[in-house]
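All residue numbers refer to positions in the sequence shown, counting from 1. All values below come from the heavy atoms of this structure, side chains included, with hydrogens, waters and symmetry mates left out.
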Amino acid sequence: MSTSVLLSSGCKFARKVTPHHCILDRHTSYPLKVQCKTGDNGTVGRVKCGKQSALVSRRDAFGFFLLLAGLGNQTLDAVGAGLPPEEKPKLCDDACEKELENVPMVTTESGLQYKDIKIGSGPSPPVGFQVAANYVAMVPSGQIFDSSLEKGLPYLFRVGSGQVIKGLDEGILTMKIGGKRRLYIPGSLAFPKGLNSAPGRPRVAPSSPVIFDVSLEYVPGLEAEEE
């Protein structure tokens, strides 16, 4: 059984080489083909250029296939390089970022800091109540490592019960339903063991500061106050 592949390099016995073709003389151009099979003498390949051919060794044939693989990867990389980076959904867009520059920072006794993007109109959740919140979690450089927006559903948990990191618990307890807030969480209130990196997501070092944009969507059992 043999396999034929087009090779976008050249052939040693041709006068000139162009991609996909061997030019034997000024009037003749043939597509380049490699036929691979195992023979009794250890020959595994035959380079064929039109009616002419030449036997190649196992090492040379292997080199041809490595070249093919490299060319394929280069093509994919080139296509990928031309694509714009994926835009991840955010709770705070560019206009919001500019507005935040003028919002005063609040610092709590624990070291948690926050800025209110939008103050809600409903009640604050009592400790132990289940809340539904959207969040975008970032390292200080702004790279996103987790987001409920990408999952398409708010995150449900019992606030103040230790089901999330301490900084998120504390930050949500003083929010009102419908509000949005940026939390600057110090390492002591973040992830003690850190988080491993994943494709497209940065690593979070143990006890390192993180930033959470949070929106308190609703609290089952509590109704937002009418404006």
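Here the straight-line distance linking atom OG of S208 with atom CZ of F191 works out to 8.5 Å at 0.5 Å rounding. How far CG of L189 is from CD of E170: 6.5 Å, rounded to the nearest 0.5 Å. Separating the NZ atom in K176 from the CD1 atom in I119 is a distance of 9.0 Å, to the nearest 0.5 Å. Between the CD1 atom of I185 and the CG atom of L112 there is a distance of 6.5 Å, given to the nearest 0.5 Å. One distance of note links OH of Y135 with CG of D146; it measures 3.5 Å at 0.5 Å rounding. Here CE of M138 is found 8.0 Å from SG of C92. Values are rounded to the nearest 0.5 Å.
Residues L156 and A132 come closest through the heavy atom pair CD2-CB, 3.3 Å. Contact between L222 and S124 at its shortest, heavy atoms only, is CD1-O, 4.0 Å.
Under the 4.0 Å criterion applied to side-chain N and carboxylate O atoms, K90 and E97 are not assigned as salt-bridge partners. Taking 4.0 Å as the cut-off between side-chain N and carboxylate O, D213 and K115 do not count as a salt-bridged pair.
Between T174 and R181, the side chains place a donor N or O and an acceptor N or O closer than 3.5 Å (distance only, hydrogens not considered). No donor-acceptor contact under 3.5 angstrom links the side chains of S148 and E150, judged on distance only.
Within the 3.5 Å criterion, the main-chain N or O of P202 finds no donor-acceptor partner in the side chain of Q143. Of the possible donor and acceptor atoms, none in the side chain of D116 sits under 3.5 Å from a partner among the backbone N and O of K118. For the pair S147 (side chain) and L149 (backbone), a donor-acceptor distance under 3.5 Å is present. The backbone N or O of G128 lies less than 3.5 Å from a partner atom in the side chain of R158, making a donor-acceptor pair. Of the possible polar contacts, none joining the K98 side chain to the D94 backbone as a donor-acceptor pair under 3.5 Å is found.
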